[in-house]
**Student:** 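First the structure, then my questions, so here it is.
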Amino acid sequence: MSESRRIILDCDPGHDDAVAIMLALGNPAIELLGITTVGGNQTLDKITRNALSVLVMCGREDVPVHAGAHRPLVRRVEVAPEIHGESGLDGVELPEPSRSAQETHGVRFIIDQVMAAEPGTITLVATGPLTNLALAARLEPRIVERVREVVVMGGGYHEGNWTAVAEFNIWVDPEAAAIVFDEAWPLTMVGLDLTHQALATAEVEERVREVDSPLGEFFIGLMGFFRTAYQEHQGFDDPPVHDACTIAYLIDPAIVETTRVPLTVELRGEHTVGMTVADFRRPAADDCRHQVATTLDHGGFWDLVVEAISVLSAASASGSAAGSAADSGAEA
Ligand code: PIR
Ligand code: CA
């Protein structure tokens with residue numbers, strides 16, 4: 001197996017962020033260096049606590065959590081209680097974390113990790129508004145050429161979910177998104193076009209139920225709330241587990257098809273603020289740094305998620321709580 005991808009996950013958990021964390025911890029192809037949090041689905045305090053609680057459920061309280069930006073660069077905070085509930089993770093009992101977040105600010109953590117590592121080795125994965133990544137690029141511009149890749153759940157080239165054309169993560173902090181999309185690092189946008197294919201169907205839940213573990217129950221509780229929210233507010237039958245698609249792409253790019261296309265973020269349109277504008281008119285230039293995810297292998301994706309949940313469940317059951325998936329003998 002090739003060396004594992006070393007990532008920092010910048011997130012706002014969030015039902016689908018929680019699944020992204022499970023997938024990152026339960027697959028040996030990923031090494032999760034730390035989690036940074038950003039105000040988005042709920043306020044920063046709630047989101048940060050949720051990240052800590054999810055790590056309790058995963059048996060991985062050794063993973064550092066650093067709180068980042070509490071609000072967007074320019075605009076007011078906008079949260080999504082109708083989708084994620086008052087806690088940000090409604091639908092389950094959240095376990096009490098035995099610790100709080102680290103002292104160091106999330107933006108500082110990102111910079112320190114990237115500057116200390118071999119250039120080209122750390123991948124930044126963002127599944128919330130892009131405030132922390134934008135601040136990091138401004139505070140320490142040298143990170144831009146040292147980062148291996150930025151993988152963003154956000155945007156969409158055909159679809160919006162918060163406005164007709166804007167996706168929530170970009171809409172909340174479009175100025176930050178514009179900074180991140182404009183920097184010289186390679187960037188992969190895993191937008192709604194892709195993530196709306198990652199539906200947690202009844203069959204998926206059945207497979208997780210068969211794992212028969214507290215973490216499996218946790219997943220099912222989360223998906224139950226998320227499904228109802230998506231039925232009531234988005235007209236879906238099943239909820240799309242957006243954020244986990246970023247991790248699946250890194251584990252096995254064959255599961256997430258991508259295509260190169262230049263992207264920009266709309267900041268001033270009368271009806272289009274927060275839109276990610278993709279230029280499909282001609283084949284992208286050789287030096288195009290952007291790619292968008294287009295097609296998901298649904299079966300392959302859910303195989304990875306179910307496998308990760310069973311790996312983490314087995315590790316917790318055998319008491320090797322601090323062990324990573326890599327040393328718990330994952331069969332993946
Ligand atoms: C999901 C989100 C916000 C709003 C809705 N309707 C659904 C969150 C998810 O956590 C994901 O990162 C992204 N924002 C999808 O828009
Ligand atoms: Ca999210």
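All residue numbers refer to positions in the sequence shown, counting from 1. Both ligands and their constituent atoms are indexed starting at 1 by order of listing.
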**Student:** Can you tell whether the side chains of E96 and R49 come within less than 4.0 Å, N to carboxylate O?
**Tutor:**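 A salt bridge is present here (some side-chain N lies under 4.0 Å from a carboxylate O).
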**Student:** Once you restrict to heavy atoms under 4.0 Å, what part of H233 touches ligand 1? Side chain, backbone, both or neither.
**Tutor:**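 The answer is neither.
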**Student:** Is the ring centre of H66 less than 6.0 Å from the ring centre of H105?
**Tutor:**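 Centroid separation for H66 and H105: 6.0 Å or greater.
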**Student:** What does the angle at the Ca ion (ligand 2) come to, between atom OD1 of D12 and atom OD1 of D17, rounded to 10°?
**Tutor:**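 The OD1/OD1 angle about the Ca ion (ligand 2) sits at 80°.
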**Student:** Could you tell me, atom by atom, which parts of ligand 1 come under 4.0 Å of a heavy atom of E167?
**Tutor:**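 Heavy-atom distances to E167 below 4.0 Å select 13 (C), 14 (N), 15 (C), 16 (O).
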**Student:** If the cut-off is 4.0 Å to any non-hydrogen atom of M153, which atoms of ligand 1 fall inside it?
**Tutor:**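 Counting atoms of ligand 1 from 1, those under 4.0 Å from M153 are 11 (C), 12 (O), 13 (C), 15 (C).
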**Student:** Thinking salt bridges, do D173 and R75 make one under a 4.0 Å N-O criterion?
**Tutor:**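 A salt bridge is absent here (no side-chain N lies under 4.0 Å from a carboxylate O).
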**Student:** What do you reckon, does N161 have a nitrogen or oxygen under 3.5 Å from a nitrogen or oxygen of ligand 1?
**Tutor:**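 Yes: some nitrogen or oxygen of N161 is under 3.5 Å from one in ligand 1.
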**Student:** Is it the side chain, the backbone, both or neither of I83 that has a heavy atom closer than 4.0 Å to ligand 1?
**Tutor:**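 Near ligand 1, I83 shows its side chain, while the N, CA, C and O stay back.
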**Student:** Does ligand 1 come near enough to W162 that some N or O of the ligand is less than 3.5 Å from an N or O of the residue?
**Tutor:**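 It does not: no N or O of W162 is found under 3.5 Å from an N or O of ligand 1.
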**Student:** When you draw lines from the Ca ion (ligand 2) to O of T127 and to OD2 of D243, what angle lies between them, to the nearest 10°?
**Tutor:**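 If I round to 10°, I get 90°.
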**Student:** Can you tell me the protein heavy atom closest to atom 6 (N) of ligand 1 and the distance?
**Tutor:**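 For atom 6 (N) of ligand 1, the nearest protein heavy atom is Q234 NE2, 3.2 Å.
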**Student:** Have a look at ligand 1 and work out which part of D17, if any, has a heavy atom under 4.0 Å from it: side chain, backbone, both or neither.
**Tutor:**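 Contact part for D17 vs ligand 1: side chain (C-beta onward).
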**Student:** What about the rings of F225 and H84, do their centers lie closer together than 6.0 Å?
**Tutor:**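 They do not qualify: ring centres at least 6.0 Å apart.
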**Student:** Check Y230 against ligand 1 and report side chain, backbone, both or neither, counting heavy atoms closer than 4.0 Å.
**Tutor:**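 The part of Y230 near ligand 1 is the side chain, not the backbone.
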**Student:** With the threshold set at 4.0 Å, does a side-chain nitrogen-carboxylate oxygen contact exist between R209 and E206?
**Tutor:**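 Counted as a salt bridge, because a side-chain N and a carboxylate O are separated by less than 4.0 Å.
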